[in-house]
Amino acid sequence: MRKKNSILIVDDDASNLHELTSILSSEYKIFVLKDGASALEKASEALPDLILLDIIMPDMNGFDVLTELKKSEKTKNIPVIFITGINDNESEREGLATGAVDYIRKPFDAMVVKHRVWLQIQIINLQRELKNAAAAAEAANQSKSSFLANMSHEIRTPMNAIMGITDILLQNEELSGEVAEGLDKIYASSDMLLGIINDILDFSKIEAGKLDIMPAEYRVANLINDSSHLNMMKIGEKPIEFELCLNENIPVKFIGDELRIKQILNNLLSNAFKYTDEGKVTMSVAYEREPERNKAVIIFSVRDTGQGMTEEQLGRLFDEYSRFNESANRTVEGTGLGLSITLRLINLMNGTIQVESEPGKGSLFTVRLPQGMVDDEVLCKEVTEKLKQFHLSDLVHKKNNKLIREPMPYGKVLVVDDVKMNLFVAERLMKPYKLWIETALSGRRAIEEVTAGKSYDIIFMDHMMPEMDGIEVTKQIRYFGYNRPIVALTANAVAGQSDVFLASGFDAFISKPIDIRQLDSILKKYIRDKQPPETIEAARLQNKTSSTNNGPKLKNEKISGLNIAKGLEKYEDDEKIYTKIIRSYASSARSLISTIDEVNEANLADYRLRVHSIKGMSLDIYADEIGTTAADLEKAAIIGDFDYIKVYNPAFIESTWKIINDIEAMLKAIKARNSLPKKDKLDKDLLLQLYNACGTYMMNDINNVMAEIEKYEYISDEELASWLQEKVDLMDYAEIIEKLADLEKEDDFERSCPEKNYLC
């Protein structure tokens, strides 16, 4: 899946950077800088996909920055959108002539910003895809099979990006029902399209004789469990019962192509659920020993109570691109290739398939596949009963909804799984605990996190992953001396499996689908119960406070000259974002207004820059009177009208100071009303993370760390916490890095840093 597109935002006004970040950070990777020279250096290093560039900046204006970008071979093709409060056509013409692709005017309209950025990103991505596709097509000219092999990657890449981005958007709990429904449909349609692509590619490979059967040892329980759960999701709202019938004497292991057997079962089960509106779908699994030594036949039967088929329909069932009863099933997805591919896979494995069907009564598909024997160990009754109960997990889940999950904001976990949807499920299940949750899509990434010095209360480790499975990853992590809890997450929930995990370095074991009571028990054991009583009590108090204070904090506030209601509306009533914006405004405006008392020829250019910045900032937060006055003073500065400035500048300064002080007083009063739990000192691990985030200018990471810091009041570190908050608001990251580097020299900070981290 393609990574997030990256955007570099350059503006000397921190409040503008905060606002643009809040608009764009959910969809893009954001870098922020406050001056042109640093922007040139960062652009050459990071090569962002797009640059949003302010025009009026001290030392080096936007036109000069763009000119330098165009001179460099590395950066000349990076598209640049100017962001500016200048409203004259001449500047716009100059910007476009210099090489800008678009203009975004201040104050920002979130929809305009999103749309114009989205258009440029689409152009960038399409150019890349076309370039890649052209390269792949050129390389594939030698043969049909080579062409398909190359194009499969090119087709899947944008499809996976669409599905991944849609999945991320769906995580927003504040989406309206209409938007969430639309995103669900996008995801479902993308998934269907990807399935069609896979069918076509598999069929083409079979036609070309390029699809090989690769026998290997596999576990029957895993195959049954995975196939059942994958297809149960297709029941949806239909009143269908799914039943699993197993012979307890089936061997534990066979030798065969597990991936292709799953593909056969998925096609049969998928069709059964598609064409059954109500009733029952049953999958039966049995086996027969062959006279030949170490040979057997595994037998799968899928029966449904669906539409059934006539003799004529049965005769065309395995034809290529043929769909069952197409006139009556126009809304059913698929290419008509599924059963054709199924038959060819069965033939490749020297197996057979039989079909019995009667219109209106349903169908029975029976597949017999020769397999190799491994040994005489059988599943036994205990395991087969456990597998049969897996499909009841939804009913168990409904009962578990009554579970009260105790917040543990002091806890930190890492979830490792190569399937993004599994990470999403795990994150959502743990969200009520208010944990600090990190994720890794591979075992190698988890090893990198640990060897870099990171430490977690729990690492939740998936078992079956490509390249390195969970057992191998855990052994390597233990080899590096990591001794904190690691808990296995796996679908291999069969008898004796937990002993295997415990013997391999795991501390505990949770089966998939995750039982939230089991998860709750693990979190309490390895996180809550290891905390001192005062920490647990502080978290409970924090949760109680947030529960009783979740009414409006800003809507009822009044500040003369500031339209708070409009500001909140602009940010969709997100008080956290709006608070950050106006707090940043107060800090930025304070630094700008403090040196503009006396205006003369020597400092006129600097004065113009300062009132220009205050104008944009003020209009953005709906401090319209100050913004309008600043605009008039900016015009006077442009033409050198010192008389006008002399008359109106004092009142402008007074009004600006008043709104700064009023904002700070309001935020202080709100904080006093909503007291936070107290801690003695700042968490050194959080300071380390903030240090690293500031060093990479990653706004998303910085905001995440500060959100954790701001959950508490600090007895000994109150001054430092306030200072960090102010510097983050102003985006003075260099000062933060310098400050935290000094802290690193202190003994207590050195002792708190784990080995091999970035500071110690």
Side-chain angles (χ1 to χ4, degrees), residues 206 211-231 242-272 280-305 314 317-318 338-358 362-391 491-497:
I206 293 170
L211 194 149
D212 297 321
I213 299 300
M214 294 182 287
E217 184 179 304
Y218 68 91
R219 289 181 171 268
V220 174
N222 295 358
L223 182 148
I224 295 169
N225 181 70
D226 293 349
S227 299
S228 299
H229 279 98
L230 177 63
N231 286 279
F242 178 46
E243 183 179 29
L244 191 59
C245 297
L246 298 174
N247 184 325
E248 63 189 56
N249 293 318
I250 296 174
V252 170
K253 301 173 186 175
F254 278 125
I255 296 174
D257 192 329
E258 181 183 12
L259 176 63
R260 297 305 173 185
I261 296 174
K262 281 183 180 178
Q263 194 171 354
I264 292 168
L265 287 178
N266 289 342
N267 281 331
L268 296 180
L269 286 169
S270 176
N271 281 343
K280 193 175 192 179
V281 172
T282 304
M283 183 170 77
S284 303
V285 187
Y287 96 108
E288 294 175 357
R289 292 293 295 261
E290 290 280 88
E292 188 178 350
R293 181 178 172 81
N294 295 328
K295 297 291 182 182
V297 174
I298 191 167
I299 305 165
F300 299 102
S301 298
V302 176
R303 182 187 294 275
D304 65 67
T305 58
L314 281 171
L317 187 61
F318 295 103
L339 287 176
S340 177
I341 292 172
T342 297
L343 178 61
R344 294 190 181 218
L345 289 174
I346 291 169
N347 290 338
L348 283 171
M349 287 187 270
N350 299 316
T352 62
I353 181 169
Q354 292 181 321
V355 188
E356 302 172 27
S357 189
E358 187 176 343
S363 305
L364 170 64
F365 289 78
T366 303
V367 175
R368 300 171 63 89
L369 298 172
Q371 302 288 284
M373 293 285 292
V374 177
D375 52 41
D376 294 326
E377 183 184 3
V378 297
L379 289 179
C380 77
K381 185 175 181 179
E382 178 188 356
V383 175
T384 55
E385 288 300 317
K386 188 171 183 62
L387 285 169
K388 289 176 186 179
Q389 294 304 314
F390 277 178
H391 70 281
N492 299 334
V494 294
Q497 193 66 44

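This chain uses plain numbering: 1 for the first residue, then up along the sequence.
Here the closest non-hydrogen pair linking Phe254 and Val220 is CD1-CG2, 3.5 Å. Considering every non-hydrogen atom in both Gly351 and Pro370, the closest pair reads CA-CD, 3.8 Å. Of all non-hydrogen atoms in Pro215 and Ile255, the two that sit nearest each other are CB-CG2, 4.1 Å. Shortest non-hydrogen contact noted between Ile250 and Tyr287 is CA-CD2, 4.0 Å.
Here CG of Leu339 is found 11.5 Å from CG of Leu345. Values are rounded to the nearest 0.5 Å. Considering CD of Gln371 and CD1 of Ile261, their distance stands at 4.0 Å, rounded to 0.5 Å. Interatomic distance, Ile264 CD1 to Arg260 CZ, rounded to the nearest 0.5 Å: 9.5 Å. Atom OH in Tyr218 sits 6.0 Å away from atom CG in Leu223 (nearest 0.5 Å). A distance of 9.5 Å separates OG1 of Thr342 from CG of Leu265, quoted to the nearest 0.5 Å. To the nearest 0.5 Å, atom CG of residue Asn347 and atom CD1 of residue Ile353 are 9.5 Å apart.
Heavy-atom contacts from other residues, nucleotides or ligands closer than 6.0 Å to CD of Glu356 number 12 or fewer.
Val378 pairs by the side-chain contact (heavy atoms from CB on, under 4.5 Å) definition with nothing, not counting sequence neighbours.
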Q.
Set out, in order, the CA-CA distance, both residues' side-chain angles and the distance that settles side-chain contact (heavy atoms from CB on, under 4.5 Å) for Glu248 and Leu379, then state yes or no.
A. CA-CA 6 Å; Glu248 63 189 56; Leu379 289 179; 5.8 Å; no

Q: Test Glu290 against Met373 for side-chain contact (heavy atoms from CB on, under 4.5 Å), laying out the working first.
A: CA-CA 10 Å; Glu290 290 280 88; Met373 293 285 292; over 6 Å; no

Q.
For Val285 and Asn247: C-alpha separation, side-chain torsions, deciding distance, then whether side-chain contact (heavy atoms from CB on, under 4.5 Å) applies.
A. CA-CA 7 Å; Val285 187; Asn247 184 325; over 6 Å; no

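Within the 3.5 Å criterion, the main-chain N or O of Met214 finds a donor-acceptor partner in the side chain of Asp257.
Using a 4.5 Å heavy-atom cutoff, the side chains of Phe365 and Gln354 are not in contact. In this structure, Asn222 and Glu258 have side chains that are in contact, with non-hydrogen atoms separated by less than 4.5 Å. Contact check for Phe300 versus Leu268: no side-chain heavy atoms found under the 4.5 Å cut-off. With contacts defined as side-chain heavy-atom distances shorter than 4.5 Å, the pair Thr282/Cys245 qualifies. A 4.5 Å side-chain heavy-atom check between Ser301 and Leu364 finds at least one atom pair inside the cut-off.
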